[in-house]
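Just so it is clear, the structure is predicted and the values come from calculations on it, not from any experiment. Throughout, numbering of the chain's residues begins at 1 and tracks the sequence.
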Amino acid sequence: MSGELRPVDARVRALESILVEKGYVDPAALDEIVETYQHRVGPRNGAHVVARSWTDPDFAARLADDATAAVAELGYGGRGGEHLAAVFNSPGEHHLVVCTLCSCYPWPVLGLPPVWYKSPAYRSRAVLDPRGVLADFGTVLDDDVAIRVHDSTSELRYLVVPQRPAGTDGWSADELAAIVSRDAMIGTRLVSA
């Protein structure tokens with residue numbers, strides 16, 4: 001099977017070829033989109049933001065005060081990141097992000113939203129039963145931990161700053177960023193060392 005395309009990839013290529021051939025899509029624009037999502041936006045940017053907040057209390061304070069500006073300090077911003085709020089998990093409070101209307105999501109720091117984030121089941125259950133949704137992800141919180149659900153919109157999108165795991169003292173920002181997942185920055189998972 002080496003060298004053969006998966007059926008979905010073959011369909012995408014066929015569709016792309018037709019759209020380019022008919023002049024509906026500029027191939028250079030497609031290349032720019034691919035370049036952007038491979039190298040300029042995505043969860044590694046968000047992980048960098050989180051790691052910086054864990055290692056630089058002044059940055060964490062700026063992130064809490066004005067996340068859009070703090071994230072821009074690190075060179076991240078643009079469409080989907082114009083109005084960003086950072087919410088910080090603590091031992092007594094856990095944050096979970098959902099977009100109940102569609103799939104508003106901070107693209108510059110998290111990239112494209114996962115399929116489950118856009119699903120009606122997640123969008124409705126995250127509000128009605130956040131503890132149950134977290135359990136579906138394998139995230140079981142003590143009963144005394146409050147769960148705050150944030151409804152993302154096109155006017156305000158959220159980035160969850162998970163708690164820094166124990167045993168990471170002395171780790172570099174790169175080492176810390178490597179353990180921060182996209183799902184942790186949505187709030188569906190915890191970060192562990």
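Cation-pi contact between Arg52 and Phe59: present, with separation from the ring centre below 6.0 Å and deviation from the ring axis of at most 45°.
Without hydrogens or angle criteria, Thr68 side chain to Leu84 main chain gives a donor-acceptor distance under 3.5 Å. Panel note: side chain Gln163, backbone Ser90; a donor-acceptor pair is recorded below 3.5 Å. In this structure a side-chain-to-backbone donor-acceptor pair under 3.5 Å is present from Arg164 to Thr168. Remark: side-chain polar atoms of Asn45 are paired, donor with acceptor, to backbone N or O of Pro108 under 3.5 angstrom. A donor-acceptor distance shorter than 3.5 angstrom exists from the side chain of Asp56 to the backbone of Asp58, with no hydrogens or angles considered. Looking at Arg123, its side chain does come within 3.5 Å of a backbone N or O of Lys118 through a donor-acceptor pair. Counting only distance, with no hydrogens or angles, the side chain of Arg182 and the backbone of Pro43 share no donor-acceptor pair below 3.5 Å.
To the nearest 0.5 angstrom, Asp66 atom CG is 9.0 Å from Glu73 atom CD.
Aromatic ring orientation, Tyr122 versus Phe137: perpendicular (interplanar angle above 60°, classes split at 30° and 60°).
Taking the side chain as every heavy atom from C-beta outward, Thr188 and Trp116 approach each other to under 4.5 Å. Side-chain contact check for Leu134 versus Val140: every heavy-atom pair is 4.5 Å or farther apart. The shortest distance between side-chain heavy atoms of Val97 and Leu159 does not fall below 4.5 Å.
Screening Leu110, Val161, Val109 for a side chain to side chain contact (heavy atoms under 4.5 Å, CB included) involving Met185 leaves a single residue, Leu110.
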One pair to check against side chain to side chain contact (heavy atoms under 4.5 Å, CB included): Tyr158 and Cys104. What are the steps and the verdict? CA-CA 9 Å; Tyr158 294 91; Cys104 294; over 6 Å; no
Yes or no on side chain to side chain contact (heavy atoms under 4.5 Å, CB included) for Val149 and Val98, after CA distance, side-chain angles and deciding distance? CA-CA 7 Å; Val149 178; Val98 64; 3.7 Å; yes
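Considering every non-hydrogen atom in both Ala51 and Ala177, the closest pair reads CB-N, 3.7 Å. Looking at every heavy atom in both residues, Asp151 comes nearest to Cys99 through OD1-CA, 3.5 Å.
We find that Arg6 and Asp9 are joined by a salt bridge, their nearest charged nitrogen and carboxylate oxygen being less than 4.0 Å apart. Ion pairing between a basic and an acidic side chain is recognised when a charged N comes within 4.0 Å of a carboxylate O; Arg40 and Glu32 show such pairing.
The environment of CD in Glu21 is sparse: at most 12 heavy-atom neighbours from other residues, nucleotides or ligands sit within 6.0 Å.
When ring centroids are compared, His95 and Phe88 stay outside the 6.0 Å threshold.
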